[in-house]
Protein chains: 2
Amino acid sequence: MSGGVEWAVHCCVALTGVTEPVPAATLARLNDVSMTYLAKQMQALARAGLVHSVQGKSGGYVLARPAERISVLDIVLAIEGPEPQFTCTEVRQRGPLAASPEQCLQACAVHRAMLAAEQAWRTSLRGVTVADLVATVDRDSGPDVLSRVRGWLVSPTD
Amino acid sequence: MSGGVEWAVHCCVALTGVTEPVPAATLARLNDVSMTYLAKQMQALARAGLVHSVQGKSGGYVLARPAERISVLDIVLAIEGPEPQFTCTEVRQRGPLAASPEQCLQACAVHRAMLAAEQAWRTSLRGVTVADLVATVDRDSGPDVLSRVRGWLVSPTD
DNA sequence: GGCGCGCTACTCGGATACGTCTTGTCCGAGTACGACTGG
DNA sequence: CCAGTCGTACTCGGACAAGACGTATCCGAGTAGCGCGCC
């Protein structure tokens, strides 16, 4: 899986509760990652409609929806693309014993097994929202951790 | 996901019920795919212990275990490798607000969400065995389809 | 005729190039803020 | 003092290279079967 997904999810978590736009450069400094590459990920989030991008001085990114309505699956699909991981090449229709097309009206058994597994994966990710992640972090490390992050995003001192 | 996984699963299904070794070249002709590349996948299956490889004239590959004891997950892990799709880079320990290592005794919330989703994916794939795939194909397309495949593998006429 | 030996041909196995996708980077388009100027 | 306007500096956005991984291939190591020769 693309490594940029991790950055995107962490950025979405950090953006919760921040009303003013946060530039990509600030998010990059927060996580100590490549500024230009993270900008690329944020652009993907903006294209998917998960965040709003405002330009000009004191511009940046803001969550487009409340954190309760942004699932981890949304972020993963925004970065990785909507196409499924497994693509069936219809090997049963090739070779000397190829099946006729009318025998292949439904997906083959292998394809269905892979599809079911990916559906389970998506269902699991769909059930976790950014708000859930925030609540988990608050419960594990205390609410002051994310509060400090939000404060730093508003006025970074580095 | 690697495209060779599909070939490997189809080959395992085709190998069910065949007692004598089947060469990689025969499996390649059956599916009309690259002979050398499929050989690479079969080598991975042999390394993982899913199939036994016998050399010499009239050699080839045989299933090492009964089809009921080979899950689709086994095949996927044999081809793709055992490492998880998502790798946590511990971004929380980097940057100006880095968390101390003693605060990171357990995996971060993002990591756990990804791990849970991958576990769901693996559980789904673990629940489907090669025997299940064979039964599905027999039920959908009739038992003669796989019978013809087995017969062709024993004495290919191409 | 039976047995042992060597040869051959076929198999797998790992080491080797190529293509494509992810990763990482750069520069241009656009815009909001701020300062300046005139009324 | 206030409003309009211009300039600037900061932002995002898409287009552009480098590296890594999956894809595809080749040749060498090994072995089982087969034929031949010998007993």
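Chain A is the first sequence line, chain B the second, and so forth, proteins listed ahead of strands; every chain is numbered from 1.
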Side chain of A:Lys57: nearest nucleotide among C:dA32, D:dG30, C:dT31? C:dA32
In whole angstroms, the gap separating C1' of D:dC10 from OH of A:Tyr61 amounts to 13 Å
I need the CG-P distance between A:Leu45 and D:dG13, as an integer number of Å. 11 Å
Counting distance only, does the side-chain N/O of B:Arg126 pair as donor-acceptor with the main-chain N or O of B:Leu73 below 3.5 Å? no
Can you pull out the residues from residues 17-40 of chain A that lie within a 4.0 Å heavy-atom distance of DNA chain C? A:Ser34, A:Thr36, A:Tyr37, A:Lys40
Quickly work out the A:Glu83 CD to C:dC21 P distance and round it to whole Å. 11 Å
Side-chain N,O (A:Arg47) to OP1/OP2 (D:dG14) below 4.0 Å: yes
Just by distance, do the side chain of B:Gln93 and the backbone of B:Ser100 share a donor-acceptor pair under 3.5 Å? no
Between A:Ser58 and A:Gly4, which residue's closest nucleotide on DNA chain C lies nearer the 5′ terminus? A:Gly4
If you count heavy atoms of other groups shown closer than 6.0 angstrom to CZ of B:Arg69, is the number above 12? no
Whole-Å gap separating P (D:dT23) and CD (B:Gln43): 15 Å
Counting only side-chain N and O atoms of B:Ser53, is one of them less than 4.0 Å from OP1 or OP2 of C:dG13? yes
Rounded to whole Å, CD of A:Gln41 lies from C1' of D:dC12 at a distance of 15 Å
Is it true that, when you exclude B:Arg65 itself, more than 12 heavy atoms of the residues, nucleotides or ligands shown sit nearer than 6.0 Å to its CZ? yes
Can you tell me the distance, in whole Å, between the CD atom of A:Glu80 and the P atom of C:dC21? 14 Å
Presence of salt bridge, B:Asp140 and A:Arg112, under 4.0 angstrom: yes
Verdict with reasoning, A:Asp74 to A:Ser71, per side-chain hydrogen bond (donor to acceptor under 3.5 Å, both in side chains): CA-CA 5 Å; A:Asp74 292 331; A:Ser71 70; 3.1 Å; yes
Between A:Ser2 and C:dT23, is there a side-chain N or O to OP1/OP2 distance below 4.0 Å? yes
Shortest side-chain distance from A:Trp7, nucleotide among C:dG24, C:dG14, D:dG13: C:dG24
Candidates D:dG30, D:dT11, D:dG33 - which lies nearest the side chain of A:Gln55: D:dT11
B:Arg94 with B:Glu90: basic N within carboxylate O range, under 4.0 Å: no
